[in-house]
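Here is the structure we will look at.
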Amino acid sequence: MGKATDFRYNTGATKVPWAAVGENYNVNDLMEIIKFLMQGEGPEYEQAIQAVRAQVEKLDQFSSPPGKLSLASKVEGAEEAANAYLGTDTSTFVTNATAGFEIAYKYANLKPGDEVIVPAITFIATMAYPLSVGAKLVFADVDPRTINMDPADVARKITPKTKMIVPVHIGGYPVDLDPIMELAKKHDILVLEDAAHAFGAMYKGKKIGTIGDFAAFSFHEVKNITSFGEGGIATTNIPGFKDHMKRARFVGMDFSHKIKDWLYDVSAIPGKEEPFVAVNYSTTEIQGLGLSLQIARNDAIIAERRAAAEYLNSRLAGCDALILQDLGNEEIKPTFHLYLLQIDPAKAGGDVQLFKKKLEEKGVTNIPHFGPLYRFRVVEQMGYDADEIAKTCPVCEEVFYKRFTHLPLYGLTQEQLDYMADAILASIDEMQKGV
Ligand SMILES: *Cc1c(COP(=O)(O)O)cnc(C)c1O
């Protein structure tokens, strides 16, 4: 006997607690899920799977399904874990970081003509929403050392129409937020931190993602930790908005009030200037469980990544054509999501395009994250002129086309790290010799 757990069908204890709501997962489904998460082949694998199946069938006789699969205790558990980790009380688990950004953008009541300053180098998701509603994107040039938004260029590009600034902590390296927060305060601009890579990064004693007015972290499968492939945590520092984050996630449902003869009310979410209508970015209990488990080991994961970055730096330190990953300091603690490797083209005897090719030839995957955003066709299709924007972002043009690439840092053996370091040094050597 399970217990009824869904408010719509709270009829007391029942044999089929959830039947009127939806199908649960059975033994067969569970076995497929196990086989998906733990893949293999061959007789030993098949034998182990058969043994697990026998045990799961037995377990099935003594267990009941969860009462809820969406937005319940496991999602809350993930939010509590994120709150404790970040030192906030506003963590809201949403479908992905992009959805988290949307909550912030909607709070800002973005309209055509409003300006949003984004870095020239980031993932397109950072700016998908403002682009989709016809707000004007203004591209800030990047700091050549970190590839992050350059606060000095942000200052130059603020106009009376600027409504938001979106610093992106590329590769988990914290943006210099103090000058950006100061500019924002002075001009009454909202700051949204794109902390997709930066869960656990620190800036001057505070966790990244707790400094701007809003922030969102990503738990997509390629980030440092994941919630079964998709997921995001959104946070806010707007005192009056705290209580609306959860409603902004789920269609504005409002249980503090009921309409006549119905269970709840739905109300608009207060924005900065006017209310907005919420849509649905809900997450599942399985995702919540997956996120809690990985948050618990996030610090150990960052430490392992850091050790790999330190090792690569030690191996590459003697080569003056290379500019190595900045390891941070007492005030700046990155998450080492990626290893940012740059070359000095004058000393290397060629630019990064040649260097990337040489690394590829040696089997070392390297991918610069990301290309200049204004080069994407969607930006042109929305009426922007890439070449005109490029003139306002000379550092971006220089570092992307001539200087930087990214290397992976996680789950590599000592042998693989050495292979990478050897390949990097050999590539520079070949370039310098012109072979
Ligand atoms: C991955 C990523 C995002 C988007 O995250 P989702 O969770 O996939 O929406 C946004 N910004 C940057 C810099 C990213 O790398």
Side-chain angles (χ1 to χ4, degrees), residues 75 78-79 82 91-106 116-132 137 139-140 142-143 146-149 164-175 177 191-201 208-209 212 214-235 248-249 279-284 287-288 290-291 294-295 298 305 334-340 367-376 378-379 396 399-400 404-410:
V75 168
E79 290 169 346
S91 294
T92 302
F93 190 27
V94 289
T95 45
N96 46 48
T98 313
F101 304 155
E102 281 196 26
I103 292 174
Y105 285 129
K106 286 185 158 189
V116 178
I117 302 182
V118 295
I121 291 177
T122 177
F123 184 49
I124 188 75
T126 307
M127 53 177 237
Y129 183 83
L131 194 61
S132 77
L137 292 160
F139 296 88
V142 300
D143 176 324
T146 61
I147 317 296
N148 279 336
M149 165 183 269
M164 294 187 86
I165 303 172
V166 190
V168 184
H169 310 286
I170 294 287
Y173 193 93
V175 173
L177 286 175
V191 174
L192 162 62
E193 292 180 67
D194 177 338
H197 298 172
F199 188 72
I208 284 298
F214 288 90
F217 302 94
S218 175
F219 303 108
H220 179 264
E221 61 184 345
V222 303
K223 316 297 175 177
N224 282 16
I225 59 171
T226 189
S227 43
F228 288 101
E230 290 282 347
I233 287 278
T235 61
R249 165 179 60 194
V279 291
N280 187 354
Y281 314 120
S282 299
T283 41
T284 68
Q287 286 177 295
L291 183 58
Q294 295 210 354
I295 286 177
N298 196 50
R305 290 174 169 275
T335 60
F336 300 96
H337 177 55
L338 299 161
Y339 184 94
L340 173 60
I367 302 168
H369 296 270
F370 300 86
L373 277 204
Y374 48 81
R375 296 287 179 195
F376 287 115
V378 66
V379 178
C396 167
V399 292
F400 179 75
F404 85 92
T405 188
H406 281 113
L407 300 166
L409 275 177
Y410 190 60

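Start at 1 and go down the list; that is how both ligands and their atoms are numbered.
- For ligand 1, the atoms closer than 4.0 angstrom to any heavy atom of Phe101 are 10 (C).
- Minimum heavy-atom separation, Phe93 to Gly232: CD1-O, 3.1 Å.
- Residue contacts with ligand 1 for Ala196 involve side-chain atoms from C-beta outward but no N, CA, C or O (heavy atoms, distance under 4.0 Å).
- Looking at heavy atoms from C-beta onward, Phe217 lies out of side-chain contact with Lys223 at the 4.5 angstrom threshold.
- Interatomic distance, Gln287 CD to Phe219 CZ, rounded to the nearest 0.5 Å: 11.5 Å.
- Close approach to Phe370 involves these atoms of ligand 1, each under 4.0 Å from a residue heavy atom: 13 (C), 15 (O).
- Taking the six-membered ring where tryptophan is involved, the planes of His369 and His406 are tilted, since the angle between them lies from 30° to 60°.
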Worksheet entry | side-chain contact (heavy atoms from CB on, under 4.5 Å) assessment of Asn224 paired with His197 | CA-CA 7 Å; Asn224 282 16; His197 298 172; over 6 Å; no
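- Below 4.0 Å from some heavy atom of Asn96 lie the following atoms of ligand 1, by number and element: 6 (P), 7 (O), 9 (O).
- Taking every heavy atom of Ser218 and a limit of under 4.0 angstrom, the matching atoms of ligand 1 come to 5 (O), 6 (P), 7 (O), 8 (O).
- Taking a cut-off of under 4.0 Å to the non-hydrogen atoms of Ala125, the atoms of ligand 1 that pass are 4 (C), 10 (C).
- Smallest separation of non-hydrogen atoms from Gly172 and Ala201: O-CB, 3.7 Å.
- When Ile121, Val94, Asp194, Val166 are ranked by how near their heavy atoms come to atom 13 (C) of ligand 1, first place goes to Asp194.
- Closest non-hydrogen pair, Thr126 versus Phe101, comes out as CA-CE1, 3.9 Å.
- Checking only distances, Glu230 never comes within under 3.5 Å of ligand 1, N or O to N or O.
- Less than 4.0 angstrom separates some heavy atom of Thr122 from each of these atoms of ligand 1: 13 (C).
- Thr335 approaches Gly200 most closely through the heavy-atom pair CG2-C, 3.9 Å.
- Contacts of Val168 with ligand 1, taken as heavy-atom pairs under 4.0 Å, involve the side chain alone.
- Residues Val142 and Ile170 fail the side-chain proximity criterion, which asks for heavy atoms closer than 4.5 Å.
- Of the protein's non-hydrogen atoms, Thr98 OG1, 2.5 Å is the one closest to atom 9 (O) of ligand 1.
- Heavy atoms of Lys223 approach ligand 1 to within less than 4.0 angstrom.
- Remark: ligand 1 atoms within the under-4.0 Å shell around heavy atoms of Ala97 are 5 (O), 6 (P), 7 (O), 9 (O).
- Interface atoms of ligand 1 facing His197, defined by a heavy-atom separation under 4.0 Å, are 13 (C), 14 (C), 15 (O).
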